[in-house]
Protein chains: 2
Amino acid sequence: MKSEQIKKLKNAGLKLTSSRLLTLGAFSSLCKPQNADDIYKKLKKLTGKDKIDLVTIYRTLTSFEQTGIVKKVNLQKDSVYYELANSHHHHIVCTVCESVEEFNLCGIEKTTKDVLKKSIKFNSIAQHSLEFFGVCKKCTKNEKRSVKKFSPSSLNPQCQRN
Amino acid sequence: MKSEQIKKLKNAGLKLTSSRLLTLGAFSSLCKPQNADDIYKKLKKLTGKDKIDLVTIYRTLTSFEQTGIVKKVNLQKDSVYYELANSHHHHIVCTVCESVEEFNLCGIEKTTKDVLKKSIKFNSIAQHSLEFFGVCKKCTKNEKRSVKKFSPSSLNPQCQRN
DNA sequence: TTTTTAATTGCAAGTTGTTTGCATTTATAA
DNA sequence: TTATAAATGCAAACAACTTGCAATTAAAAA
Ligand SMILES: [Mn+2]
Ligand SMILES: [Mn+2]
Ligand SMILES: [Zn+2]
Ligand SMILES: [Zn+2]
C-alpha cells in the first residue's frame with residue numbers, strides 16, 4: 001500500500017525526499033484527518049529536532065493532494081485537514097471534543113442521480129462531500145458543565161425548520 | 001419572511017441597526033452563498049460610500065449565525081460562506097467557474113439512520129453537510145483551454161478507487 | 001421628549017493559517 | 001561523478017478573520 005503511494009509520487013515526477021516519506025508515514029500511522037501542524041508536531045517528536053520545516057509540510061500536502069495521495073476533509077474547522085485518499089468514506093464529527101468517527105457506507109448514489117436529473121447547470125458530478133456532526137456519547141455524558149470548543153453553523157438551538 | 005428574521009434578532013436581544021438590516025437585505029436580494037467581502041462590496045456599491053466597515057460585517061455574520069438567521073455553507077473555499085437558514089438544501093459547485101446550483105432534495109435520512117446504527121461513538125446526529133462538485137455544462141464546453149481557478153481535493157484525475 | 005444605558009460600530013492593531021521569493025541543498029538523470 | 005532541475009529552509013508577505021477601545025446609536029427609562 002505504501003508502495004502504491006510511492007508509485008504515485010514517481011508517476012507525478014516528484015522526488016522521493018525524506019520529507020515526503022516522513023509525511024507519508026505520518027498519514028499511514030494514524031487513520032485520522034490531520035492538518036499541516038499536526039504533521040509538523042508529529043514529525044518533530046518523531047525525528048527529534050526540527051527536521052522538517054512547516055512550510056515544507058504545506059508544500060508536501062499540496063503535492064500529495066495533486067497526486068491523489070491525500071484529499072481534503074471538510075471538518076468545519078479553521079485549518080485544512082487531509083487524509084489518505086485510498087478509501088471512499090465519510091465522517092461523524094463530535095462538535096464538542098472534535099473526535100472523528102469514520103463510516104464506510106456512502107449511500108448517496110441515488111441522491112446523486114436524482115440531483116443530476118433535476119440539475120439545470122450540470123450533467124455530471126465528480127465528487128461529493130458528506131459529513132455528519134453531533135455530540136458523541138462521551139461528551140453527551142459530560143455535557144452538564146462542559147463548554148463547547150467549536151460549533152458548526154446549523155448546530156445552534158435557534159436553527160429552524162431543517 | 002423578512003419580518004421572521006427581524007423577529008429572531010429581537011428575540012436574541014439584538015438591536016435593529018442599519019448595518020444589520022442592510023446585511024439582511026444583501027442576503028434576501030440574492031439567493032447565493034456569500035462571504036463577508038461579497039456583502040461588504042455589495043453594500044458599498046448600494047449605499048454609495050463606505051457605509052459599513054468590513055469588521056462590522058464579520059460581527060454581523062457571526063451574530064446572524066448564532067441567531068439562526070444564516071448558516072455556513074461548505075464550499076471548499078478559503079473564506080466562510082453563509083446563506084439564509086430558511087430552507088434545508090444542498091449544492092452543486094462548479095469547480096471551474098465556482099457557480100453554485102441549489103437542490104432541495106436531501107435524501108440522506110436513510111444513510112443517517114444506517115450511520116447511527118453502525119456508529120460506536122455517537123447515538124445522535126445533529127447536522128450534516130452534503131455538497132456536490134463537478135464541472136458545469138458551460139465550463140465543460142469551454143474547457144478546451146480554460147485554466148482551473150480552484151480545485152477541491154478528490155477532483156484531480158489521479159484520484160483512485162472512489 | 002429628553003435622558004440614560006448598554007449594545008454596536010469604526011479604526012487600528014493583532015492573530016492564525018497559509019503562501020511566496022530566494023539562496024542553498026539534494027535526489028536523480030546523464 | 002557530475003550536472004541539473006526539483007525541493008527545502010528561512011524570512012517575509014498575505015488573506016481572512018478577531019480583538020481592544022473610544023465614539024456612536026438604538027432602545028429603555030424617566
Ligand atoms: Mn476518514
Ligand atoms: Mn443554498
Ligand atoms: Zn465528543
Ligand atoms: Zn462552471
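Lettering of chains follows the sequences in order, A, B, ..., and the numbering in each one begins at 1.
- In this structure, CG on B:Leu14 lies 9.5 Å from OG1 on B:Thr60, to the nearest 0.5 angstrom.
- Put simply, the side chain of A:Leu16 does not reach to within 4.5 Å of the side chain of A:Arg20, judged on heavy atoms.
- A donor-acceptor pair is defined here as one N or O able to donate and one able to accept, closer than 3.5 Å; no such pair exists between the side chain of B:Gln5 and the backbone of B:Leu24.
- Counting to the nearest Å, the P atom of C:dT26 and the CG atom of A:Asp53 are 14 Å from each other.
- In this structure, B:Arg59 does not reach the C:dT9 phosphate: none of its side-chain N or O atoms is under 4.0 Å from OP1 or OP2.
- Atom P of nucleotide D:dG20 and atom OH of B:Tyr58 are separated by 18 Å, given to the nearest angstrom.
- A:Leu14 comes within contact range of the sugar-phosphate backbone alone, with a heavy-atom separation under 4.0 Å but no base atom that close.
- Using the six-membered ring where Trp is involved, B:His88 and B:His128 have ring planes that are perpendicular, over 60° apart on the 30 and 60° scheme.
- Along DNA chain D, the nucleotide nearest to A:Val55 and the one nearest to A:Gly13 differ in position, and the one closer to the 5' end is contacted by A:Gly13.
- Computed from coordinates, the A:Lys72 NZ to C:dG17 C1' distance equals 13 Å when rounded to whole Å.
- When the C1' atom of C:dT25 is taken as reference, atom CG of A:Leu16 falls 17 Å away, rounded to whole Å.
- Using a 4.0 Å heavy-atom criterion, one finds that A:Ser18 contacts no nucleic acid atom at all.
- Atom pair A:Tyr81:OH and C:dT18:C1' shows a separation of 14 Å (rounding to whole Å applied).
- Spacing between atom CZ of A:Arg20 and atom P of C:dT26 amounts to 15 Å, rounded to whole angstrom units.
- Taking atom CG on A:Leu54 and atom C1' on D:dC10, their separation rounds to 12 Å, with Å as the unit.
- Using a 4.0 Å heavy-atom criterion, one finds that A:Lys51 contacts the sugar-phosphate atoms exclusively.
- Between A:Thr17 and C:dT26 there is no side-chain polar atom (N or O) within less than 4.0 angstrom of OP1 or OP2.
- A heavy-atom distance below 4.5 Å is found between the side chains of A:Asp38 and A:Tyr81.
- Contact annotation: the side chain of A:Glu101 never approaches that of A:Cys136 to less than 4.5 Å [non-hydrogen atoms, C-beta and beyond].
- What separates CG of A:Asn11 from P of C:dT28 is a distance of 14 Å, to the nearest Å.
- Near DNA chain C, defined here as any heavy-atom distance below 4.0 Å, there are no residues from residues 37-45 of chain A.
- Between the side chain of B:Lys15 and the base of C:dA7, a donor-acceptor pair under 3.5 Å is found.
- When only modelled atom types and interatomic distance are considered, A:Lys71 and A:Gln127 share no side-chain donor-acceptor pair under 3.5 Å.
- Within 4.0 Å of B:Asp78, counting heavy atoms only, lie sugar-phosphate atoms of the nucleic acid but no base atom.
- Taking 4.0 angstrom as the limit, A:Ser79 places none of its side-chain polar atoms (N or O) nearer than this to OP1 or OP2 of C:dG17.
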